[in-house]
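Everything below concerns the one structure shown next.
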Amino acid sequence: MGEDDVDALYRTLYRALLAKAYLAAGSRLRVAEDAVQEAFIQCRRRMADPAEPPVEHWGSWLSATVVREALRLRGTEVLFDLGRHDGAPAAPDMAVEAHLKEVHRRTCTEMARLDERPRRAMVLRFLAGLTPAEVAEEMGIARATVRVHIAEARRALEPLRAELERLGIVSDEKEAGGRG
């Protein structure tokens, strides 16, 4: 893949990646934008390094990287700060920001009710697109525990599923275990 391919990925995936990062970062738009930027920097580096194994699905790779970066950048002290959303500066794409506002509020309300572990398991599984085994490894817990955490998070978010699918944040393909 060359520079033109990376630019095409950026144009195609930016909105969905920003939406995922925005949710993972707890409505901190600057953190979400930084996470997307860092993911594309890592993408360019990875493509330029012949020693790295080839990436089969760049979309899945970027999703996982964006969510990991958003989680890393937001830090552990901030959960989901609903008050911060209204004061956040406008996203580069106002249509994305406008649509995310209500879905984000409702999603954050439900996510805020979750304990940290179900929230983290849900974010890693559905936003980052990791497999249950990868989530277990990332969190340092058993796969069975991941399933319990994910089931809890899914029950809380089920009423919002159609909106999250329309925004490209979750999909049936990922829930079925696909990687992109």
Side-chain angles (χ1 to χ4, degrees), residues 1-47 55-74 80 82 84-85 88-111 119-132 134-135 138 150 153-154 156-180:
M1 285 188 92
E3 287 295 314
D4 290 342
D5 295 318
V6 175
D7 291 342
L9 277 175
Y10 184 86
R11 284 189 306 278
T12 302
L13 300 176
Y14 178 79
R15 295 175 89 181
L17 293 173
L18 181 63
K20 290 176 183 191
Y22 192 71
L23 287 175
S27 79
R28 296 176 68 197
L29 184 60
R30 288 187 177 144
V31 171
E33 291 170 336
D34 288 348
V36 173
Q37 180 179 356
E38 180 59 31
F40 276 96
I41 289 169
Q42 291 178 31
C43 175
R44 288 180 191 275
R45 280 190 204 131
R46 176 94 185 237
M47 287 179 178
V55 172
E56 191 172 327
H57 300 287
W58 281 106
S60 296
W61 186 92
L62 281 163
S63 287
T65 303
V66 160
V67 170
R68 282 190 185 117
E69 286 301 315
L71 290 171
R72 181 183 68 78
L73 292 170
R74 81 173 174 93
F80 287 87
L82 294 175
R84 179 109 168 103
H85 179 77
D93 187 334
M94 293 302 289
V96 172
E97 179 72 12
H99 193 147
L100 278 175
K101 185 174 182 178
E102 181 57 31
V103 175
H104 182 264
R105 267 189 199 278
R106 293 188 340 243
T107 302
C108 287
T109 298
E110 295 304 320
M111 290 178 73
R119 181 185 309 114
R120 188 170 183 84
M122 187 274 305
V123 165
L124 291 171
R125 175 68 179 108
F126 297 113
L127 297 185
L130 301 183
T131 67
E134 292 168 329
V135 172
E138 179 100 7
I150 288 173
R154 285 183 68 186
L157 295 173
E158 188 60 34
L160 300 170
R161 180 170 178 63
E163 285 294 325
L164 296 172
E165 282 182 6
R166 190 174 17 248
L167 290 169
I169 295 169
V170 297
S171 69
D172 289 329
E173 185 176 320
K174 287 190 179 186
E175 285 200 19
R179 295 286 307 221

Practice problem: Taking the side chain as every heavy atom from C-beta outward, state whether Leu18 and Val66 have any atom pair closer than 4.5 Å. | Solution: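 When only atoms from C-beta onward are counted, Val66 and Leu18 do not touch, as no gap falls below 4.5 Å.
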
Self-check item: Heavy-atom side-chain contact between Gln37 and Tyr10 under 4.5 Å
Solution: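 No, too far: nothing below the 4.5 Å cut-off.
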
Minimum heavy-atom distance between [X] and [Y], given as atom pair plus value:
X	Y	value
Ala70	Ala35	N-CB, 3.5 Å
Val36	Ala21	CG2-CB, 4.2 Å
Val123	Ala24	CG1-CB, 4.0 Å
Leu17	Phe40	CD1-CE1, 3.6 Å

What distance do [X] atom [atom1] and [Y] atom [atom2] have between them, rounded to the nearest 0.5 Å?
X	Y	atom1	atom2	value
Asp4	Leu9	CG	CG	11.5 Å
Leu157	Arg119	CG	CZ	10.5 Å
Trp61	Met47	CH2	CE	8.0 Å
Ile150	Arg154	CD1	CZ	8.5 Å
Leu62	Arg46	CG	CZ	10.5 Å

Quiz item: Given Leu13 and Trp58, is the side chain to side chain contact (heavy atoms under 4.5 Å, CB included) satisfied, shown in steps?
Solution: CA-CA 10 Å; Leu13 300 176; Trp58 281 106; over 6 Å; no

Quiz item: Between Arg44 and Asp5, does at least one N-O distance fall below 4.0 Å, as a salt bridge requires?
Solution: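 Between Asp5 and Arg44 there is no salt bridge, as every charged N stays at least 4.0 Å from the carboxylate O atoms.
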
Quiz prompt | Salt-bridge present (Glu38, Arg72; N to O < 4.0 Å) | solution =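 Judged by the 4.0 Å cut-off on N to carboxylate O distance, Glu38 and Arg72 do not form a salt bridge.
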
Exercise. Applying side chain to side chain contact (heavy atoms under 4.5 Å, CB included), run through Met122 and Leu23 and close with a yes or a no.
Key: CA-CA 11 Å; Met122 187 274 305; Leu23 287 175; over 6 Å; no

Quiz item: Given the rule in the side chain to side chain contact (heavy atoms under 4.5 Å, CB included) test, do Leu124 and Glu134 qualify, once you have shown the distances and angles that lead to the verdict?
Solution: CA-CA 9 Å; Leu124 291 171; Glu134 292 168 329; over 6 Å; no

Quiz prompt | Sole candidate of His57, Lys20, Arg68 that passes side chain to side chain donor-acceptor pair (under 3.5 Å) when paired with Ser63 | solution =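 By the side chain to side chain donor-acceptor pair (under 3.5 Å) criterion, Ser63 pairs with just one of His57, Lys20, Arg68: Lys20.
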
